[in-house]
Amino acid sequence: MCMNMRLLMLILYCFVSSPVLADMRNDQQKIEKTVSQLLALNDALGVIESDAAGEAALNQLLQEQISQLDQLMTILKRTSVRKLPKIGNERQLSFFQSRITVNQERGNEMAVLRDQLSVEHWNASQAINRYIEYLIEASNRYKGIQTIVVDSQAAFNKSQKVADLLQLPESKEENQITVDVRKNHQQFTRVNTTYQDILKYVINNPRKIASIHWFQQFSLLSAISYINNFDGIRSINYKLIPFNVDIGGISLSFVIIALVYFSYPLFFRFTNCLIKKYVSDDEDHQDQNYQQVVRPIRMGLMFFGIDLATYAFFYKADYRSAIESMSFVIFSLIFVWLLLCIINIVVMVHFKRLTRINKDLRKELVALGVQVVKAIIIIVVMAVVLSHFGINITAILSTLGIGGLAFALAAKDTLSNFFGGITILFDNVYRMGDWVKIENVEGTVSEIGLRSTTIRTFDNALIVIPNAVVSVSSVRNMDRRIVGRRIKMYIGVTYESNMEDIRKALDDIRAMLKTHPDIANPTQQHRDSRKKLKLSSHEDSAGIKSTQLVFMDRFNDFSIDILIYCFSKTVDWAKWLAVKEDVLFKIAAILKNNHLEFAYPTEVRIHRNSDENELPEFLTQEE
């Protein structure tokens, strides 16, 4: 069954491909025949006499040449041929090149010219084939007219340069070499002239070979021309000639502005759907993301309409090139704006997703990477804009290299801040959101930039500290701890207290702290899941404190002080306050259960009576 299917497919392929191959061979023969006829026409043109009969024959031959070129372009536009066979023998070409080398060493100039003409004759024949292949490809791939003209003009200039170098010298000596030189020069001129005739025809008639879509044929100028061709409008345009405007351009400019205005809602709805589907997955920030990206899109769409309308309005004016240059700059700025907004949205959305997966992901490094990418985009766009205006980027870079030392001296503080920022980032001194104290500044780290660190203080002020200052200052980071925020207090009880009651209260407080669910316990082990070689202890490097101390500490002026020293498990300030409050309530209950009272400042006054035999009277006054 499988073999039968393969045989059937082979027969079908042969049946389908046979007509195609036959058409290709037929087109190839037609191309070769047309080129041969063009060569023959050039031979005939070279022997025409300069008389009246010769003039008539010349005109007839030129008409025939144009007809053959038209026929060649028609064949090339519809043919399926992609490659043409090579002409000549490459071994013979190698022989000529070797003989040129030998004759150059011997100083035989005529022999060298003879072989150079043979080589260039072969090159010109190959150039005709390559150019025909280029025209077929240009037609099939819808290459622009301007591209075809530029490429053809370059090929023509190259061919003419070769022809100028191979001029036939004057020689009084008659021998076989000079005869061969004249013969080879005639053959080269014949082929090269034919090649140049094809090139000049395409340069002057590019639409004969260029395939143009229907939407390529439509342009602003064609629409303006269509409007201006109405009989009633021609008389009005005649009066508008001094102003370099016409009714077609004015009408089309207003139509463009109206189309842009009415396409706003549809375009914005489309962009919002794209953002929801491909960019953002955060419903809480949908509106914010939409507003970020819609501003540059709105500006781009509006300016696109203004640019087209301006072009249609002033298409006859002399300052159109200045308008186009200004439009290029504005479009570049809008493109950069849009690209930066898209980067912000993508990073914001995907960073939240990554932080849910990896808690240790550092915001400041992501922010640094985003800033570097934005800087690269801005630099690239600036280079493109400068190149558009003909400014040499290499010369600017060379100037910066020469003035690098002066720039470094002038930007010493900026460079110090930059390297200070790099030190902060890679030493991991603090992160965005950490509670830090740098010298006399205390607050939350808002942003770590390449030049400075921004801190939001607890009274909601914003303070900017240069990174160079931070790198040489002492930094206190209150958030760089995992377990343990200290609770330290002194509880004073009265001197009338019973020592046994105090001892019992100390034991009860120790037991309460040991069993409290929110107080760090010294007996609990904390293991490091990250396997890294560290000489310091895990508790010190990670920030884990679980010390518990409860002792009668001192006899104060008016109280017996009990030291309570412990750490909460949480490091969050609000939760820490709640834990501390709960510990205070429990301590108050323990003192009450053990018949102890809080001491408060008291003052003792002694009044002595005038009678020395009476005992002094002690008066105690509460403050």
Side-chain angles (χ1 to χ4, degrees), residues 429-430 433-445 455 457-459 474-526 536-602 623:
V429 179
Y430 46 74
D434 283 358
W435 173 14
V436 298
K437 184 176 182 181
I438 304 172
E439 299 296 338
N440 296 323
V441 179
E442 184 176 3
T444 304
V445 178
I455 294 179
T457 61
F458 294 119
D459 59 353
S474 59
V475 178
R476 186 179 179 185
N477 193 331
M478 270 66 77
D479 280 343
R480 193 57 59 85
R481 49 194 173 186
I482 298 176
V483 176
R485 188 161 185 164
R486 189 178 68 174
I487 299 174
K488 181 182 178 180
M489 66 184 75
Y490 287 96
I491 304 297
V493 296
T494 61
Y495 275 101
E496 289 80 7
S497 303
N498 190 322
M499 287 299 169
E500 291 300 325
D501 292 339
I502 293 177
R503 194 184 303 276
K504 181 67 169 56
L506 292 175
D507 293 337
D508 291 345
I509 293 174
R510 292 188 187 104
M512 181 270 295
L513 294 177
K514 189 175 182 180
T515 58
H516 198 290
D518 295 323
I519 296 296
N521 197 321
T523 60
Q524 184 179 359
Q525 297 293 327
H526 300 276
S536 61
S537 65
H538 173 55
E539 287 75 13
D540 290 336
S541 61
I544 299 173
K545 293 291 184 182
S546 56
T547 306
Q548 291 184 5
L549 300 173
V550 180
F551 292 98
M552 189 175 71
D553 187 56
R554 62 191 174 188
F555 294 108
N556 212 336
D557 293 338
F558 48 82
S559 64
I560 300 172
D561 289 346
I562 299 172
L563 170 65
I564 298 174
Y565 186 90
C566 60
F567 290 86
S568 66
K569 290 182 178 179
T570 181
V571 296
D572 183 76
W573 187 36
K575 295 179 181 179
W576 173 80
L577 289 174
V579 173
K580 184 179 179 181
E581 180 187 68
D582 185 62
V583 169
L584 290 173
F585 279 124
K586 284 182 168 57
I587 290 173
I590 290 171
L591 294 182
K592 183 178 181 181
N593 293 337
N594 287 281
H595 313 292
L596 299 175
E597 294 181 356
F598 289 103
Y600 42 84
T602 57
E623 288 187 355

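Keep in mind that the numbers below use all heavy atoms, side chains included, and drop hydrogens, waters and symmetry copies. Please read all numbers here as calculations on a predicted model, not as lab measurements.
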Flag the pair D501 / V493 as yes when at least one side-chain heavy-atom distance between them is below 4.5 Å, and no otherwise. no
Flag the pair I560 / M499 as yes when at least one side-chain heavy-atom distance between them is below 4.5 Å, and no otherwise. yes
What is the ring orientation for F458 with W435, classed by angle as parallel under 30°, tilted 30 to 60°, or perpendicular over 60°? perpendicular
d(I487 CD1, Q548 CD) to nearest 0.5 Å is 10.0 Å
Side chain proximity check, L506 to F551, heavy atoms < 4.5 angstrom: no
To the closest 0.5 Å, what do you measure between CZ (R476) and CD (E439)? 13.0 Å
Counting C-beta onward and ignoring hydrogens, is there a side-chain heavy-atom pair between M512 and V583 closer than 4.5 Å? yes
Within the 3.5 Å criterion, strictly below it, is a donor on D572 or T570 matched to an acceptor on the partner's side chain? no
Sequence neighbours left out, what pairs pass salt bridge (Lys or Arg N to Asp or Glu O under 4.0 Å) with at least one residue falling in residues 551-560? R554-D561
Taking it one step at a time, do R485 and V579 satisfy side chain to side chain contact (heavy atoms under 4.5 Å, CB included)? CA-CA 10 Å; R485 188 161 185 164; V579 173; over 6 Å; no
Residues N594 and D508: side-chain donor-acceptor under 3.5 angstrom: yes
Given the options N521, L513, I509, C566 meets side chain to side chain contact (heavy atoms under 4.5 Å, CB included) only with L513
Tell me, do D582 and H516 make a side-chain contact under 4.5 Å, heavy atoms counted? yes
Spacing of CD1 belonging to I587 relative to CD1 belonging to I564, to within rounding of 0.5 Å: 3.0 Å
Does atom CG of N440 have more than 12 heavy-atom neighbours, drawn from other residues, nucleotides or ligands, at distances under 6.0 Å? no
Take W576 and V571 through the side chain to side chain contact (heavy atoms under 4.5 Å, CB included) test and state the conclusion after the steps. CA-CA 6 Å; W576 173 80; V571 296; over 6 Å; no
